[in-house]
Each structure stands twice: as structure tokens, then as C-alpha cells.
Amino acid sequence: MVVATNAVAYWMNEASISSVDADSLLSLFGTRDQHLRKIRDTLGVDITHRDGKIHVAGQQSAVAKATEALERLKTIAEKQGSLDPREVSQVLARVTGENEIPAHEPVDVLNAGQQVVARTAGQARYLSAMREHDLVFSVGPAGTGKTYLAVAMAVEYLKHHRVRKVVLVRPAVEAGESLGYLPGDLQAKINPYLRPLLDALREMMDYDHIKDYTDQDIIEMIPLAYMRGRTLNEAFIILDEAQNTTAAQMKMFLTRMGVGSKIVVSGDVTQVDLPPHTRSGLADALTRLKDIEGFCSIRLSNADIVRHRLVQDIVRAYDEKPKKRR
């Protein structure tokens, strides 16, 4: 039995879509087929291009959703000449009805014409939380944008003069291996620990802006130990890798918050590098602070991972309990 609607012919578990020109097809499938893989992985279908048509095969309901998604994306690609991963995620969310990204205001960073937007529903909640609360904890696996989005929001606040200073903080804890005594001055010694924050910053500001702001102490990147005794007013303060703080360190950090300041704490409770039997300050604070007014915690999941498509599978593989050998 065949049911035809528009340019799509449906079989029991297969569908074909009228093809597009070569340029639009490249945009539709994405660089190295990244969009195509996203649709395949999300809906569990097989998609091929042959005989001038796009063929979709799989379970009937999945084929219908994949075909609808491809038709929508095809229209966008033909109209604007390109597709970005965010548009693919949004179309898939609408088609499946799952993890739909709520409307939110893009983050306005310093690079001309650049805006940062949420690519998942969890990220959209995270951005809203940072705008609405002065103390936000973001917990989730690697690749969910915890650090990147926090830095983007800090840059927006700085650009619009909502704060006078941005402070980026990380505990100087090595991930399971000793780096020994690093050469150079203080900045050279702490640079490896703060590199992920600097990488995020460089995507939103040009080098000259970063240099000027760091020279003027408007942007400060420091290890957690150097926060003791300070009071930071009108500052956007980010603590990254917070799972590697102790309860005492977390208390010390949180109490640096001055008038007009905002704090964002991010971490992954599955990647703690503290000594054995040492309770993570992140886990401790989530329990202690949950009833405080003005505090908000956001839990990101594997569905919010926006790095390479393999990262979701890697995180899932490590989360699963290993099977016992016979």
C-alpha cells in the first residue's frame, strides 16, 4: 500500500523525498554529514541519497518523523542557503515533541554580529536561570555547555555595563596525574588550569579586548585559593570544575559575593579528582543551599551534550555499570 502526499511517497517502512540541487543537498546533510547523522541518531532511521532522491527507511513512525524533519530542513536550506546545528535540533524537537527548545533571548557577546543561543531545552533553562537568579549552580556531564554559556552570559553583562568586572575561577586540582613544578611566573603556572575558561572567552571576544580587559583587571582569571579574604562587588563570578572543591573551599568562595554581584557555579559530579573519601563541595552545597531564596540549580543531561556526536555515547558508556565477566 502506497500513500502519496505532496512530493513524498510513504511505504510501510520506507519513504522517498524528491531531491534538491547539489548545493542545497550539501547544506541539508551538513559538513561531513553531521546533520544527517543527527537525524539518524535521534530517530533511528537509515537515510541515503540515490537516483536523485533521498530515501528514508526504518520503523513507520520514525520514517514519518524523519521525512517531515527533512522536508522542513530542505525548505530552510533552499531559502537561506545553509543550515546550522541549532536549526536541525530545533526542527527535530518540533517533530518529535521532545526536548523542544523554549523561546529565549540570545546572549549578546562582544564579537560583532555574534550571538550565543541555547541548542537544547536544558541549555535554554540554564540561560534563563542565569538571567533571573543571582546564584546559579549548573551540574551535568562534559560537553553540555556549562562553562561556555556561563562565560557568554558574563561577557553580555560586561558589555551592557550590568557588572564592572568578570572573575573566572577554577580549583587547581590535577585530573589524576601530577604535573610537577611548572616553570615561569604565577600566570604561567596557573594558565593550564584556566585554559578552558580562556578558550571560551576567545570565542566571544577578540584578542585585543581580552588583553585590554585583563591588563585593566576588568577580567580576572585566578585559581580558587586566591579568592580568600576578598569581597567582589558588581562582579560576574564563575567557578568552573566545582566538583573539585571541598565543602570548606565552596563556603569560602560563595561568601566572596558582594553587592550587585552574580555567581555561577558549574561542575560534573561524576568527574571528581579529590582525594578518596573527600566529599565534593559541589554536592555538599547543592544539598545545603536548595531552600535559599535566590538560589537555582540546573541539571543538564546527556541530551544536552553539544560536542562531537560521539561524546553522548562515550558519557553513556561510562555511566553504565560494566557487565560482570563469567
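On a predicted model such as this, the values are computed, not experimentally measured, just so you know. When reading the values below, keep in mind they use all heavy atoms of this one structure, side chains included, and skip hydrogens, waters and symmetry mates.
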Using modelled atom types only, decide if a donor and an acceptor are shared between the side chain of [X] and the backbone of [Y] within a distance under 3.5 Å.
| X | Y | answer |
| --- | --- | --- |
| K262 | H133 | yes |
| R131 | L127 | no |
| Q243 | Q271 | yes |
| R230 | R256 | no |
| T67 | V63 | yes |
| D33 | L36 | no |
| D284 | A247 | no |
| R72 | V91 | no |
| R37 | R32 | yes |

Working to the nearest 0.5 angstrom, can you tell me the gap between [X] [atom1] and [Y] [atom2]?
| X | Y | atom1 | atom2 | result |
| --- | --- | --- | --- | --- |
| I17 | E68 | CD1 | CD | 10.5 Å |
| I76 | L28 | CD1 | CG | 10.0 Å |
| T75 | L70 | OG1 | CG | 10.5 Å |
| S138 | L239 | OG | CG | 12.0 Å |
| L300 | Q123 | CG | CD | 7.0 Å |

Given side-chain contact (heavy atoms from CB on, under 4.5 Å), test Q34 with F29 step by step and report yes or no. CA-CA 7 Å; Q34 61 174 331; F29 283 7; over 6 Å; no

pair [X]-[Y]: side-chain heavy atoms closer than 4.5 Å:
| X | Y | value |
| --- | --- | --- |
| L158 | I219 | yes |
| L73 | V88 | yes |
| V269 | V139 | yes |
| V169 | M227 | yes |
| N244 | V272 | yes |
| M130 | V264 | yes |
| V265 | L254 | yes |
| R50 | H55 | yes |

Could you tell me which residues satisfy ring pair (Phe, Tyr, Trp, His ring centres under 6.0 Å) with Y148, sequence neighbours excluded, listed by chain and number?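 Y148: no ring pair (Phe, Tyr, Trp, His ring centres under 6.0 Å) contacts found.
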
Going by the side chain to side chain donor-acceptor pair (under 3.5 Å) test, name the single residue among T214, D208, D215 that passes it with K211.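 In the set T214, D208, D215, the residue that makes a side chain to side chain donor-acceptor pair (under 3.5 Å) with K211 is D215.
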
Same apolar cluster (I L V M F W Y, side chains within < 4.5 Å links), I292/F137: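 Cluster IDs for I292 and F137 match.
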
When hydrophobic residues are tied together by side-chain contacts of less than 4.5 Å, even through go-betweens, does F253 share a cluster with V259?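 Looking at the clustering, V259 is in a separate group from F253.
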
Give the C-alpha distance, both sets of side-chain angles, the deciding distance and a yes or no for salt bridge (Lys or Arg N to Asp or Glu O under 4.0 Å) between R125 and E132. CA-CA 10 Å; R125 291 194 300 271; E132 295 168 8; over 6 Å; no

Carboxylate-amine/guanidinium proximity below 4.0 Å for E241 and K146: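 So E241 does not pair with K146 through a salt bridge.
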
Carboxylate-amine/guanidinium contact E234 R162, below 4.0 Å: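 No salt bridge links E234 with R162.
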
Walk me through whether L198 and M221 qualify under side-chain contact (heavy atoms from CB on, under 4.5 Å). CA-CA 8 Å; L198 184 58; M221 291 175 281; 3.8 Å; yes

Any luck finding a side-chain donor-acceptor pair between D304 and T144 under 3.5 Å?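 There is no such pair between these side chains.
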
Test E220 against L168 for side-chain contact (heavy atoms from CB on, under 4.5 Å), laying out the working first. CA-CA 6 Å; E220 187 177 0; L168 308 174; over 6 Å; no

Are more than 12 heavy atoms from other residues, nucleotides or ligands located less than 6.0 Å from atom NE2 of H160?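 Count over threshold, so yes.
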
Is atom CZ of R299 surrounded by more than 12 heavy atoms (other residues, nucleotides or ligands) closer than 6.0 Å?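 Count not over threshold, so no.
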
Please evaluate residues V136 and Y126 with respect to the criterion side-chain contact (heavy atoms from CB on, under 4.5 Å), reporting the C-alpha separation (whole Å), side-chain torsions for both, the decisive distance (0.1 Å), and the verdict. CA-CA 9 Å; V136 176; Y126 183 26; 4.2 Å; yes

